[in-house]
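Any value given below was found using the heavy atoms of this structure, including those in side chains, with hydrogens, waters and symmetry copies removed.
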Amino acid sequence: MRVSQMFMPTLREVPAEAEIPSHQLMLRAGLMRKLASGIYSFLPLGYRTFRKIEQIIREEMNRAGAQELIMSALLPAEAYQASGRWEVFGPEMFRLKDRHSRDFCLGPTHEEIFTEIVRNEIRSYRALPLTLYQIQTKYRDERRPRFGVMRSREFVMKDAYSFDRDEAGLDISYRKMYEAYCRTFDRCGLNYMVVEADSGAMGGSGSQEFMVKSSVGESVIAHCEACGYTANEEKAECVPEAYCPEGNNCGSELPLEKVATPDVKTIEELVGFFNCSSKEFAKTLIYKADDRVVAVMVRGDRDVNETKLQNYLGCVELEMADEETVERATGAIVGFAGPIGLNAELNIELIVDPEVTLMKNFIVGANETGYHYKNVNYERDFKASVIKDMRNIVEGDKCPKCGGSIKLTRGIEVGHIFKLGTKYSKALNCVYLDEQGKEVPMVMGCYGIGVNRTMAAIIEQNYDENGIIWPMTVAPYHVIIVPVNTTDSVQMETAEKMYNDLCSAGIEVLIDDRDERPGVKFKDADLIGIPIRITVGRKAGEGIVEYKLRKYKDIKELKIDEAVNEAIGEVKSALKNQP
RNA sequence: CGGGGUGUAGCGCAGCUGGUAGCGCACGUGGUUUGGGACCAUGGGGCCGCAGGUUCAAGUCCUGUCACCCCGACCA
């Protein structure tokens, strides 16, 4: 491809709207342009990389025995109404009506549609196991699209669904997908980790996320270097920490005491008022879970993990209770909630983090405006409906597996695999007949990879101050030939010859034949991140050109044929993982 | 959805107490250049987000509205 002919609108300056490196570079390198918030057009250079990522995914899916198909993005409401997700998705789903006022949506994910087609077409155990996938555009009306393509409203996802006879079969299908994912992300040149994840509203028995380590990642990952335990923040189990401040008699329980604490509502204010650490309080938070009111207690310095809470409660909606509900539940204004004397009529479930039961003589709200209790002790003064881990893990916590020290890092979630079990097959009656002729629900798994996000993640891990540094496997072109002076016929002839030689060797080559100053060409070549650059300059007359890899600084002078062979060798060895 | 911010040329921005819009880059033309985003000359490009209002006069003041960005909440 001739750069002079190419639609490649690079930008010298950083667009004001872009915050993170991948977003800035995707705009600057002319890979994409924004159409609306969270909606982007991919331009030729960007689309080439996009398709290469898709192709890697496709090859690895096929290698794992999955079969590709494609479904519509425009879907009738009934498919989601049967599973209940027409409601569950809420405003996140783009909805529309056809001319007959029938409800449709733009598919946010396709469990129902795959389940339905398998239900309709598969009857016998002989047809199982079966894994199907598609690489298709998804639509989600995100509350807050963010960071360019990292969280967008239209995006391409590879979604795969496995159907097995039983759990053992699912384990095998799941394992195959796990391995395919590792191969896929390895081939994309990503440094990633696999974390234990919450299966959340998807239901099912297990789930893992593929996380690309990055400071701009939206997910927090807890990791133990000692034993390798890795889980995301939502899932990470917390080990209760006993805390005994000096001067607090942790051995014996002191008599319960009510203390007037006018206008002291927040933990910070309490710390000031009682002149002690936030670890000596237990906070009681009132939540609305669907139609129920529940109370959750964690130590004063901890945060409630709402994912854990929601999983325990099994509710669809979970939110902090509004002021009115808090007043009804506690009999006090917000800020004085506690475990003792909650409104009995509301039958409030009291969920207590195990850490609270280790505390002695601590402080809680008195459920009376302007008062707190001190010297509170679990069991003696109140009892939990249930004692269950309900807090967020923090840096330095004990590892739940080995007791080592937990570190927190950030990651970009590029892939997620789930063991769904029979949640959808039961709801949608997706059954097969076993050897005995008995109807059995299929055991399902689902497996997603965000293609756009993977592309952004690759950039986040592969750039420098001059631009993108594409791994060979996903680079839009392998080689860029830069004739320094287009008016020099020797340089141009040399460049053209190398261009032809490389093209006929099957290498994807750009030739920067623009009548631009060399600085401009070098800057653009660096910005768009082509892995190999061959510069044809002064020494072209002596048959010498310069050979440089984007990821390294050093430049080699080579004879023309040597440079061509070197480039071919470099490309072939980098792509040798192809099936 | 709450908080904050920004909308002026393709991109980045300036425009004060109101007087009919400017800079850099990019773009067209001519020339000189050619090893890390050249230089000279010249030219084109604007519904100042949109709608009301105040005023003799609004990019500027007031009201509303929309869009976009950031933080938070939320997220199969």
Review point. Between atom CG in A:N392 and atom C1' in B:A73, what is the gap in whole Å?
Key: 14 Å
Point to revise | Separation of B:C75 P from A:H416 NE2 (nearest whole Å) | key: 14 Å
Study note, to complete from the structure: Whether each nucleotide of nucleotides 36-42 of chain B has a protein heavy atom under 4.0 Å at its base (B), only at its sugar-phosphate (S) or at neither (-) is summarised, 5' to 3', as BBB----
Under the ring-ring contact (aromatic ring centres under 6.0 Å, His included) test, which residues partner [X], sequence neighbours left out?
{"X": "A:Y161", "answer": "A:F114"}
{"X": "A:F50", "answer": "A:F42"}
{"X": "A:Y178", "answer": "A:F210"}

**Study point:** Under 3.5 Å donor-acceptor pair, A:E13 side-chain atoms to B:G24 base atoms
**Key:** yes
**Study point:** Check: A:R151 side chain, B:C75 base, donor-acceptor under 3.5 Å
**Key:** yes
Check your understanding: Got a sec, which pairs hit salt bridge (Lys or Arg N to Asp or Glu O under 4.0 Å) with one end in residues 8-32 of chain A, sequence neighbours left out?
Key -> A:E17-A:K34
**Study point:** Minimum heavy-atom distance A:L170-A:S162, with the two atoms named
**Key:** CD1-OG, 3.9 Å
Check your understanding: What are the residues of residues 14-27 of chain A, sorted by number, that bring a heavy atom to within less than 4.0 Å of RNA chain B?
Key -> A:V14, A:P15, A:A16, A:E17, A:E19
Exercise for review: For the pair A:N452 (side chain) and A:V156 (backbone), establish whether a donor and an acceptor sit closer than 3.5 Å, ignoring hydrogens and angles.
Suggested key: yes
Exercise for review: Could you tell me whether a side-chain N or O of A:Y181 sits under 3.5 Å from a main-chain N or O of A:G448, the two making a donor and an acceptor?
Suggested key: yes
With a 4.0 Å cut-off on heavy atoms, is [X] in touch with a base, just the backbone sugar-phosphate, or nothing at all?
{"X": "A:T487", "result": "base"}
{"X": "A:F147", "result": "sugar-phosphate"}
{"X": "A:Q310", "result": "sugar-phosphate"}

Using the test side chain to side chain contact (heavy atoms under 4.5 Å, CB included), find all partners of [X] that sit at least two apart in sequence or belong to another chain.
{"X": "A:D171", "result": "A:K419"}
{"X": "A:E319", "result": "A:K288"}
{"X": "A:L43", "result": "A:F7, A:P9, A:R33"}

Check your understanding: Does any donor atom in the side chain of A:N232 or A:S219 lie under 3.5 Å from an acceptor atom in the other side chain?
Key -> no
I'd like the [atom1] distance from [M] over to [N], given in whole Å.
{"N": "B:G49", "M": "B:A58", "atom1": "C1'", "value": "16 Å"}
{"N": "B:C11", "M": "B:U20", "atom1": "C1'", "value": "26 Å"}
{"N": "B:A9", "M": "B:G46", "atom1": "P", "value": "11 Å"}
{"N": "B:G12", "M": "B:C74", "atom1": "C1'", "value": "34 Å"}

Review point. Has A:R144 got a side-chain N or O lying under 4.0 Å from the OP1 or OP2 atom of B:C71?
Key: yes
If you restrict it to nitrogen or oxygen atoms, what contacts under 3.5 Å exist between nucleotides 44-46 of chain B and the protein, and what is each distance?
none

Practice item. Go through the structure and list residues passing salt bridge (Lys or Arg N to Asp or Glu O under 4.0 Å) with A:K426, not counting sequence neighbours. Key: none
Review point. With Watson-Crick and G-U wobble geometry limited to distances under 3.5 Å, how should the secondary structure of RNA chain B be encoded in dot-bracket form, using | for bases paired to another strand and [ ] for crossing pairs?
Key: (((((((..((((.....[..)))).((((((.....)))))).....(((((..]....))))))))))))....
Point to revise | Test: A:K308 and A:D389 ion pair at under 4.0 Å | key: yes
Revision key, fill the gap. Ranking B:G35, B:C74, B:C75 by distance to the side chain of A:T535, first place goes to B:G35
